[in-house]
Amino acid sequence: ETGVTQSPTHLIKTRGQQVTLRCSSQSGHNTVSWYQQALGQGPQFIFQYYREEENGRGNFPPRFSGLQFPNYSSELNVNALELDDSALYLCASSFRLADNNEQFFGPGTRLTVL
Amino acid sequence: AQSVTQLDSQVPVFEEAPVELRCNYSSSVSVYLFWYVQYPNQGLQLLLKYLSGSTLVKGINGFEAEFNKSQTSFHLRKPSVHISDTAEYFCAVSVGYGGSQGNLIFGKGTKLSVKP
């Protein structure tokens with residue numbers, strides 16, 4: 001059983017550019033959540049996808065968008081990058097109908113915006 | 001709205017000493033409570049969780065936590081720490097009912113530094 005994987009591990013972009021981050025869920029999981037972890041802070045919820053539909057969103061602007069594919073892998077897209085978007089982006093997968101509410105996290109993608 | 005406060009940003013402790021990392025939460029509804037650990041340059045790993053039942057929860061690596069509803073606290077404890085416990089620890093809450101996966105709300109983290 002493979003865990004949650006994310007790519008790339010590191011990324012450097014300039015302000016105004018667009019970026020796509022990718023996540024492969026743990027086998028059997030149908031829900032994926034994305035979090036932003038700024039330096040020295042706890043992760044903040046961006047949004048969650050369940051069966052390819054957005055299922056909840058945190059306090060992030062529309063330039064943060066996502067997709068979930070039929071195989072439950074996922075993408076996070078950020079348009080018009082700003083300096084404050086520099087952070088570790090974490091993906092977490094879970095099985096929606098399980099009662100344990102446990103989310104399994106990937107290692108993250110470190111995004112630097114210059 | 002729910003929120004999580006981790007009262008200590010840094011906790012230095014000597015090896016084999018006991019440690020307590022404090023966490024308080026606020027919520028007007030029932031919550032699920034979690035502690036995660038993050039080692040340098042890695043993602044988050046679940047240490048333990050409280051969903052219901054016994055208020056004393058045991059997790060991995062010898063950690064335990066006690067849910068105190070009246071004090072809205074969920075403090076993490078370990079009776080004897082090792083150098084390898086040096087990491088950042090995050091307390092989190094979610095609101096979910098009957099299988100609904102709520103999003104996790106995290107505290108700002110506590111850096112545990114274990115010294116020889």
Side-chain angles (χ1 to χ4, degrees), chain A residues 3-7 9-10 21 23-26 29-51 53-60 66 68 72 87-110, chain B residues 1-10 21 23-25 27 29-53 57 59-60 67 74 87-111:
Chain A
V4 179
T5 60
Q6 293 186 243
S7 62
T9 53
H10 295 85
L21 311 182
C23 170
S24 290
S25 299
Q26 185 164 312
H29 287 180
N30 55 17
T31 302
V32 65
S33 302
W34 285 91
Y35 295 83
Q36 180 196 66
Q37 186 179 13
L39 200 61
Q41 301 294 318
Q44 280 196 292
F45 175 70
I46 303 175
F47 44 56
Q48 183 182 84
Y49 277 80
Y50 169 62
R51 291 187 174 177
E53 297 285 333
E54 189 177 289
N55 181 51
R57 189 179 183 93
N59 189 26
F60 281 81
Q68 187 183 30
Y72 302 128
L88 180 68
Y89 288 85
L90 296 165
C91 163
S93 74
S94 53
F95 183 58
R96 174 69 185 269
L97 296 182
D99 218 10
N100 62 11
N101 266 17
E102 181 169 353
Q103 298 185 19
F104 293 83
F105 284 81
T109 293
R110 172 83 54 195
Chain B
Q2 293 78 38
S3 67
V4 177
T5 302
Q6 291 185 243
L7 297 159
D8 306 295
S9 59
Q10 296 189 54
L21 306 184
C23 172
N24 286 89
Y25 68 93
S27 175
V29 298
S30 296
V31 296
Y32 298 150
L33 294 157
F34 306 81
W35 275 98
Y36 283 85
V37 60
Q38 187 175 36
Y39 298 102
N41 301 313
Q42 294 189 27
L44 299 172
Q45 180 184 9
L46 181 68
L47 275 178
L48 49 79
K49 60 192 176 192
Y50 172 79
L51 304 180
S52 64
V57 179
I60 62 171
F67 170 58
F74 190 55
E88 189 155 21
Y89 292 79
F90 292 94
C91 181
V93 303
S94 76
V95 178
Y97 299 93
S100 170
Q101 287 280 348
N103 73 77
L104 290 169
I105 299 165
F106 287 88
K108 291 188 174 181
T110 297
K111 289 184 180 176

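It should be emphasised that the depicted structure is a prediction, and the values quoted were computed from it without experimental measurement. Both backbone and side-chain heavy atoms feed into the values below; hydrogens, waters and symmetry mates do not.
- Taking OH of Y35(A) as the start and CG of L104(B) as the end, the distance is 3.5 Å to the nearest 0.5 Å.
- Considering every non-hydrogen atom in both P43(A) and L44(B), the closest pair reads CG-CD1, 3.8 Å.
- Here L46(B) contributes atom CG and Q103(A) contributes atom CD; the two are 10.0 Å apart, rounded to the nearest 0.5 Å.
- The candidate from Q42(B), K111(B), K108(B), E88(B) with the greatest count of non-hydrogen atom pairs under 4.5 Å with chain A is K108(B).
- Interatomic distance, OH of Y36(B) versus CG of L90(A), reported as 11.0 Å (0.5 Å rounding).
- The CZ atom of F104(A) sits 10.5 Å away from the CD atom of Q45(B) when rounded to the nearest 0.5 Å.
- Few gaps surround CD on Q6(B); more than 12 heavy atoms of other groups in view lie less than 6.0 Å from it.
- Using a 4.5 Å cut-off between heavy atoms, Q38(B) contacts chain A through its side chain alone, with no backbone atom that close.
- Heavy atoms from other residues, nucleotides or ligands lying under 6.0 Å from CG of L39(A) number 12 at most.
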When you look at F90(B) and Q37(A), which way does the side chain to side chain contact (heavy atoms under 4.5 Å, CB included) test go after all the steps? CA-CA 12 Å; F90(B) 292 94; Q37(A) 186 179 13; 3.3 Å; yes
